[in-house]
Amino acid sequence: LAKTTQPISMDSYEGQEVNITCSHNNIATNDYITWYQQFPSQGPRFIIQGYKTKVTNEVASLFIPADRKSSTLSLPRVSLSDTAVYYCLVGDGIYGGSQGNLIFGKGTKLSVKP
Amino acid sequence: DVKVTQSSRYLVKRTGEKVFLECVQDMDHENMFWYRQDPGLGLRLIYFSYDVKMKEKGDIPEGYSVSREKKERFSLILESASTNQTSMYLCASRQTNSPLHFGNGTRLTVT
C-alpha cells in the first residue's frame with residue numbers, strides 16, 4: 001500500500017500561492033493521486049486528481065514529476081476561506097483497484113492569515 | 001449533486017452499549033466506506049463495501065462490524081462500545097474510478 005507523507009502544518013497569507021507537497025515513494029503503476037480539502041465539522045471534499053504531469057482545474061493545480069514519487073498541490077492566491085486540512089490520497093487505481101487502498105495520510109493543516 | 005447522509009451528527013453512548021451508525025447515499029454508488037478521524041491520526045479506514053452484502057476490512061476493523069443490505073445504505077456497528085471508540089466517524093461513497101464523496105460525520109462519545 002502506498003503510504004503518504006505530508007507536512008503537518010503550513011502558514012500563509014492572503015493572496016499568496018501555496019504549495020503542499022506529498023511524498024508517496026511506493027506508488028503503484030495504476031495508482032492515481034487525489035487531493036481532498038476538509039473544513040471543521042465537515043467531511044473531506046474532492047479538489048483535484050491526477051496521474052502524471054500537470055492537472056489544473058478552477059480551484060487548484062496538481063504537479064506530478066515523472067517518477068511519481070511525490071506530488072504538489074498548488075493553490076493560487078489563497079484567501080482566508082482556504083484555511084482547512086488538505087489530504088493527499090494515493091491508490092484510487094485507474095481500473096478501480098483495491099478499495100482497501102483508499103487510505104488517507106494525516107493531512108496538512110493550512111492556516112491563511114490576513 | 002451527490003449526497004451522503006449520516007443519520008446523527010452527535011451521539012453519546014455508554015460503555016458496553018451496542019451502537020449503530022447509519023449512512024445513506026443517493027447516487028447509486030457501488031462502493032461505500034467507513035472511516036474514523038482522530039486528532040493527529042488523520043482518517044483511518046475501518047471497513048468498506050463494494051456491493052450489497054459484500055464487505056472488506058480496512059486498517060482498523062477491530063471492535064466494529066458493518067452491514068449493507070441495500071445498495072444505498074451502509075451501517076457501522078459497534079457491538080460493545082468502549083471509550084477508545086470515541087471519535088468522529090465519516091461515511092463515504094463512490095462509483096468505481098471516481099472520487100470519494102463524504103458525509104458530514106457523526107461525533108460519537110462513549111462514556
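Below, chains carry the letters A, B, ... as their sequence lines are ordered, and counting in each starts from 1.
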B/Phe20-B/Tyr89 co-clustered via ILVMFWY side chain contacts under 4.5 Å: no
Residue pair A/Pro44 / B/Leu90, side-chain heavy-atom distance below 4.5 Å: yes
Residue part contacting chain A, namely of B/Gln37, when any heavy atom lies under 4.5 Å: side chain
ILVMFWY network linking A/Val59 to A/Ile48, side-chain heavy atoms under 4.5 angstrom: yes
Whether over 12 other heavy atoms sit under 6.0 Å from A/Phe39 CZ: yes
B/Phe33 reachable from B/Leu76 in the ILVMFWY side-chain graph, under 4.5 Å edges: no
Close side-chain approach of B/Leu100 and A/Leu89, heavy atoms under 4.5 Å: yes
Under 4.5 Å from any heavy atom of chain A - which part of B/Arg107: neither
Minimum side-chain heavy-atom gap B/Ser98-A/Phe46 below 4.5 Å: no
hydrophobic_cluster_shared for B/Tyr47 and B/Leu45, side chain cutoff 4.5 Å: no
Main-chain N/O of B/Leu43 paired with A/Tyr87 side-chain donor or acceptor, under 3.5 Å: no
